[in-house]
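For reference, positions follow the sequence shown, starting with 1.
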Amino acid sequence: MLQPAEIQQRFSQIQQTINQAEEVTRNDQGAPSDIRDCIQKIAHEMPEAQRVMQSNDQSQIVQCIDRLEELGDQAKRMVRNGQPSPQVASVVTRVHDVLSDLKHQLH
């Protein structure tokens, strides 16, 4: 099981990745709106997720990361089904991967 400091560090990396994804999808005029909306939804969840991470409540942290990872799965499916630019596809895949990796380490 990860220690609280490790979880915080990983969560900071996730926040940076999501911020990048938000910027890329906002600036890419050809980014499909459903992908952009899904990334926005993940970004919108981040303040609450930050509060949960600081609580050090392991069960809440796991639930929170599970929820974010489900959104990441949804965005990744949209990339597979759509035709986004390689930059959008790459950043969405990175978001999914960092969330999925943390989820698997917490379980």
Trainee: Does atom CD of Gln20 have more than 12 heavy-atom neighbours, drawn from other residues, nucleotides or ligands, at distances under 6.0 Å?
Mentor: yes
Trainee: What pairs meet the side-chain hydrogen bond (donor to acceptor under 3.5 Å, both in side chains) rule with one or both residues in residues 70-84, with sequence neighbours excluded?
Mentor: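 Sorted pair list: Asp73-His96.
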Trainee: Give, for atom CZ of Phe11 and atom CD1 of Ile65, the distance between the pair rounded to the nearest 0.5 Å.
Mentor: 6.0 Å
Trainee: Rounded to the nearest 0.5 Å, what's the gap from CE on Met53 to CD on Gln15? Could you check?
Mentor: 9.0 Å
Trainee: Between Leu2 and Leu106, which heavy-atom pair has the shortest distance, and what is it?
Mentor: CD1-CD2, 4.4 Å
Trainee: Enumerate the salt bridge (Lys or Arg N to Asp or Glu O under 4.0 Å) contacts for residues 35-52, please, sequence neighbours excluded, ordered by first and then second residue.
Mentor: Glu45-Arg67, Glu48-Arg51
Trainee: Answer yes or no: is there a donor N or O on one side and an acceptor on the other, between the side chain of Ser12 and the main chain of Gln8, under 3.5 Å?
Mentor: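 Between the backbone of Gln8 and the side chain of Ser12 there is a qualifying donor-acceptor contact (under 3.5 Å).
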Trainee: So, using side-chain contact (heavy atoms from CB on, under 4.5 Å) as the criterion, who are the partners of Pro32 when residues are at least two apart?
Mentor: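 Per chain and number, Pro32 pairs via side-chain contact (heavy atoms from CB on, under 4.5 Å) with Asp34, Ile35, Pro84.
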Trainee: Atom CD1 of Ile18 and atom CD of Gln40: how far apart are they, to the nearest 0.5 Å?
Mentor: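 Here the rounded value is 11.5 Å.
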Trainee: So His107 and Asp66, side chain to side chain contact (heavy atoms under 4.5 Å, CB included) or not? Walk me through it.
Mentor: CA-CA 10 Å; His107 285 274; Asp66 285 355; 2.8 Å; yes
Trainee: Kindly say whether Glu23 contributes a backbone atom to a donor-acceptor pair with the side chain of Asn27 at under 3.5 angstrom?
Mentor: yes
Trainee: Please round to the nearest 0.5 Å and tell me the distance separating atom CD1 of Ile61 and atom CG of Asn56.
Mentor: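 These two atoms lie 5.5 Å from each other.
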Trainee: Do Ser59 and Asp57 have side-chain atoms, one donor and one acceptor, less than 3.5 Å apart?
Mentor: yes
Trainee: Quick one: does any side-chain atom of Ser100 pair with a main-chain N or O of Asp97 as donor and acceptor, under 3.5 Å?
Mentor: no
Trainee: Taking all heavy atoms of Leu99 and all of Gly72, pick out the closest pair and write down the distance.
Mentor: CD1-CA, 4.5 Å
Trainee: Quick one: SG on Cys64 to NZ on Lys103, what's the gap to the nearest 0.5 Å?
Mentor: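 Rounded to the nearest 0.5 Å, the SG-NZ separation comes out at 12.5 Å.
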Trainee: Between atom CD1 of Ile14 and atom CD of Glu69, what is the distance when rounded to the nearest 0.5 Å?
Mentor: 10.0 Å
Trainee: Please find the pair of heavy atoms, one from Ala49 and one from Leu68, that lie closest to each other, and give the distance.
Mentor: CB-CD1, 4.0 Å
Trainee: So, Gln105 versus Arg10: side-chain donor-acceptor pair below 3.5 Å or not?
Mentor: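 There is such a pair between these side chains.
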